[in-house]
Amino acid sequence: MAEISITLPDGSLREVAADSTVLSLATTISRNLGKAAIAGVVNGQQVDVSQALTNNDSVEIITVDSDRGRHVLRHSTAHVMAQAVLNLYPGAKYTIGPAIENGFYYDFDLGGRVFTEENLANVEAEMRKVIAANQPFVRAEISIAEALTLFSEQPYKCEIIERVTGGAADGTDSAEVGGSGDSVSIYRNTDEFVDLCLGPHVPSTGRLGHFKLQKVSSAYWRGNEKGPVLQRIYGTAWESKAALEEHLHRLEEAERRDHRRLAVELDLLSFPTELGGGLAVWHPKGAIVRKLMEDYSRSRHQSGGYQFVFTPHLSNATLFQTSGHLDFYADGMYPPMEMDNGTYYPKPMNCPMHCLIFRGRQRSYRELPLRLFELGTVYRYERAGTLHGLMRIRGFTQDDSHIYCTRDQLQDEIISLLDFVMSVLKAFGFEDFSFHLSTKDPEKYVGSDEIWESATNALSTALETHGVEYSVKEGDAAFYGPKIDIHIRDAIGRTWQLSTIQCDFNLPERFDLEYVATDGSRQRPIMLHRALFGSVERFFGVLVEHYAGAFPTWLSPVQVKILPVAEAHETYAQQVADSLIASGIRVEIVEANDQLGKRIRTAKMEKTPYVLVVGDDDMAADTVGVNARGLDVERGVAVSEFTRRITEEISHSVI
RNA sequence: GCCCGGGUAGCUCAGUCGGUAGAGCAACGCACUCGUAAUGCGUAGGUCAGGAGUUCGAUUCUCCUCUCGGGCUCCA
């Protein structure tokens, strides 16, 4: 039989039979690879394993346990779900159903009906039937006319087909529709189900099964708030039972760490309804942690060359007219207050006020970079449905700085800023950063092309100087300048965007900011907005979840609980407490009104770093029994030794 | 803001097919005085989110409002 030559990813050539497919190729390489193969990449294009190969193709096998493999099986599972929903809800219209991180969803128009959580079990059972039937996924390319006939009962599918052929396809559509300009690709599961789809898919539904439907919700068709509201089902799907269970376990872990729940359990803060949505009050224990975070931030800024400023929470409207916030950001601002001498607004941002400070007198190049810092509390009218604990809140405090510098200084300033950001975040136990550079949106920007280019170069060069990987989000910058966003990865692998460094070519212009240059000329400074925590409140929420409520000793509201074994030991417990307090340790005594075991349990559940038990032996020897979080009990530790250890730990802010 | 689902004691929840409610934990009291993750007994605590409607009677049914949750949208 004739043979063809295939190039494998490692560059090696392989001769295979002329009628080979991706699957048969995989099987010839190894039996296990054949089993694990779920799709392929041929000449850079993702394809089904049934794809026929031709001479000189370069081929890569996608296996189920890879990111791309899971993506395929999630997408296929979404098709199975659509089939199940169409079976169970006659007349339902199906729209789009992509794979997403960890899972998939599919949106339906149920003609006024809605899904409830109870329906999920039925849909899941129906999906199991489809999977048990082991229906093949068969790809076909059909003409636009055929497609419009095939989907004549499916207006959303027709809309996608028409948009694609009309040349108006966007990223969402292209994920759905394959084929060339005058055809589209479809995937058919027997006569039961057919969907418009780019693919690839698993060979048959029998390859699926490790999935779980998670929640129902609604979504707008094409994300348009004015458009039809669709019913969405989210699910998760994995290559094995073990992987599925591991994922579900991660979700439970995330729920266990939810800062809204821990904030109540640990008595950190609350959101009284009387205050209104998105506004928090900080209880003493939460306030201790917050104050320590702020103290740390202040001390780092102090030594980092920043000058501290304070600005009021309210301003006359003229300020926000000058800054442009009233033109562009009024929807995000709290409504105006009419006063006898004008209209006032709560400030949504600190930058205009910092610009007033810069402009307060003539500035020399010698003062630049001028770094103004403020823990500035701002108020933003976030829409009710977007509020989420501390993560999205209406009144919050930014660790906000505005840096005014010359164009020549920009790059060095960013280089040192990146150091500063990472160093501060590392103190809280974050080690894994990712960087994102957002560039000019050609549709919407102020400033010259030339200044955009030089600033964007300064940002990218700074990133490269640090040797860090970064992604570029083309066109994602705000209209006033390019920016770097910094994301961190937390203890359970979730990423959070915290820090941001943004160039601003707009406000210096609007406030007519100038400095006197070496040659005596007046020059416009560049302005940088930057925040490290972002918002103190949100960063606090991230920390609670990162630590699962178990703050490191230096941040713990109560660092030590002393438990006298019996009443007779309370005086001694007080002596130990006094001695620790004198060393600046935060200590509480839990009197012997309850059983010792009970008091230890309570202290542990409050995640106290150190529980000290003191009894007869300790009174005699001036010692304590140390029960440290996560460590074995240690009896008979001298008070002086314990004090030395914990003081050492705190002074180094050990995580 | 939109769709869906909730709101019962400080917390977690049960319950009332319409006759104004109950548990565990927490709190408080008494007894126990205990060496490393729950001692026993008792007491107190609720306008069943708020308002309106239907009804002899509403925490329960209906409507509205507020609020929380899951999403969507939004986050110059």
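Naming convention: chains lettered A, B, ... in sequence-line order (proteins, then strands); numbering from 1 in each chain. For clarity, every value in this text was computed on a predicted model and none was experimentally measured.
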Problem set entry | A/L528 vs A/D504, side-chain contact (heavy atoms from CB on, under 4.5 Å): CA-CA, chis, key distance, verdict | CA-CA 6 Å; A/L528 287 174; A/D504 192 332; over 6 Å; no
Exercise. Going by atom types alone, do A/H436 and A/S471 pair a side-chain donor with an acceptor below 3.5 Å?
Worked result: yes
Problem set entry | Inter-nucleotide P distance (B/A21, B/U60), Å rounded | 14 Å
Exercise. Distance under 6.0 Å and angle within 45° of the ring axis: does A/K347 meet both against A/Y379?
Worked result: no
Exercise. Taking atom SG of A/C355 and atom CG of A/L507, what is their separation to the nearest 0.5 Å?
Worked result: 5.0 Å
Problem set entry | Whole-Å gap separating C1' (B/U12) and CD (A/E255) | 13 Å
Exercise. Expressed as a whole number of Å, how far does the C1' atom of B/G1 sit from that of B/C61?
Worked result: 30 Å
For this session: Find the distance A/Y572:OH to B/C34:C1' and express it as a whole number of Å.
Result: 18 Å
Exercise. Which part of the nucleic acid, if any, lies within contact of A/V229, taking any heavy atom under 4.0 Å across all strands shown: a base, the sugar-phosphate backbone alone, or nothing?
Worked result: sugar-phosphate
Exercise. What distance, rounded to whole Å, do you find between the two C1' atoms, one in B/G46 and one in B/U16?
Worked result: 15 Å
For this session: Can you tell me, in whole Å, how much space there is between the P of B/A27 and that of B/C68?
Result: 28 Å
Exercise. Rounded to the nearest Å, what distance is computed from the CH2 atom of residue A/W221 to the C1' atom of nucleotide B/C3?
Worked result: 17 Å
For this session: For A/L262 and B/U12, give me the distance from atom CG to atom P, rounded to whole Å.
Result: 13 Å
For this session: Write out the stems for RNA chain B, ordered by first number and formatted as range with range, counting runs of at least 3 consecutive Watson-Crick or G-U wobble pairs under 3.5 Å.
Result: B:1-7 with B:66-72, B:10-13 with B:22-25, B:27-31 with B:39-43, B:49-53 with B:61-65
Exercise. Reckon A/D616 touches a base, only the sugar-phosphate, or nothing at all at heavy-atom distances under 4.0 Å?
Worked result: base
Exercise. Taking atom P of B/A38 as reference, at what distance in whole Å does atom CD of A/E606 sit?
Worked result: 15 Å
Problem set entry | Within 45° cone and under 6.0 Å: A/K444 NZ/CZ vs A/F479 ring | no
Exercise. What nucleic acid atoms does A/D331 come within less than 4.0 Å of, heavy atoms only: base, sugar-phosphate, or nothing?
Worked result: nothing
For this session: For the pair A/H354 and A/H402, name the ring-plane relationship: parallel under 30°, tilted 30 to 60°, perpendicular over 60°.
Result: perpendicular
Problem set entry | Integer-rounded Å distance: B/U36 C1' and A/H569 NE2 | 14 Å
Exercise. Nearest to the side chain of A/V264 - B/C3, B/A37, B/C11?
Worked result: B/C11
For this session: Mind running side-chain contact (heavy atoms from CB on, under 4.5 Å) on A/Y610 and A/I646 for me, showing each step along the way?
Result: CA-CA 9 Å; A/Y610 290 96; A/I646 189 171; 3.7 Å; yes
Exercise. Across the strands shown, which category fits A/G597 at heavy-atom distances under 4.0 angstrom: base, sugar-phosphate, nothing?
Worked result: sugar-phosphate
Exercise. How far does the C1' atom of B/U73 sit from the matching atom of B/C11, given to the nearest Å?
Worked result: 34 Å
For this session: Using the P atom as the reference point in each nucleotide, state the distance between B/G6 and B/G10 in Å, no decimals.
Result: 23 Å
For this session: Applying side-chain hydrogen bond (donor to acceptor under 3.5 Å, both in side chains), run through A/H569 and A/D616 and close with a yes or a no.
Result: CA-CA 7 Å; A/H569 312 116; A/D616 287 335; 2.7 Å; yes
For this session: Using the ring of A/W496 (Phe, Tyr or Trp, six-membered ring only), decide whether A/R489 places NZ or CZ under 6.0 Å from its centre and within 45 degrees of its axis.
Result: no
Problem set entry | Atom P, compared across B/A14 and B/A23: separation rounded to whole Å | 16 Å
Problem set entry | Nucleotide B/G5, atom C1' - distance to CD of A/Q231 in whole Å | 12 Å
Exercise. How long is the line joining NE2 of A/H283 and C1' of B/G10, in whole Å?
Worked result: 11 Å
Exercise. With sugar-phosphate meaning primed atoms plus P, OP1 and OP2, does A/L596 contact a base, only sugar-phosphate, or nothing at under 4.0 Å between heavy atoms?
Worked result: sugar-phosphate
For this session: Apply side-chain contact (heavy atoms from CB on, under 4.5 Å) to A/Y334 and A/R394, showing your working.
Result: CA-CA 9 Å; A/Y334 267 85; A/R394 283 178 172 157; 3.2 Å; yes
Problem set entry | Rounded P spacing from B/U54 to B/C17 in Å | 23 Å
For this session: Write down the atom of A/S499, the atom of A/V421, and the distance for their closest heavy-atom approach.
Result: OG-CG1, 3.5 Å
Exercise. Starting at the 5' end of RNA chain B and moving along, which residue's nearest nucleotide shows up first, A/V565 or A/L230?
Worked result: A/L230
For this session: Please figure out whether A/A592 or A/E634 has its closest RNA chain B nucleotide nearer the 5' end.
Result: A/A592
With 3.5 Å as the limit, what N/O pairs link the protein to nucleotides 25-29 of chain B?
residue : atom : partner : partner atom : Å
B/A26   : OP1  : A/K598  : NZ           : 3.2

Exercise. Hey, does the Lys NZ or Arg CZ of A/R359 hover above the aromatic six-ring of A/F511, less than 6.0 Å from the centre and inside 45° of the axis?
Worked result: no
For this session: Report, as a single string ordered 5' to 3', how protein heavy atoms within less than 4.0 Å touch nucleotides 66-76 of chain B: B base, S sugar-phosphate only, - not at all.
Result: -SSSBBBBBBB
Exercise. What is the ring orientation for A/F108 with A/Y106, classed by angle as parallel under 30°, tilted 30 to 60°, or perpendicular over 60°?
Worked result: parallel
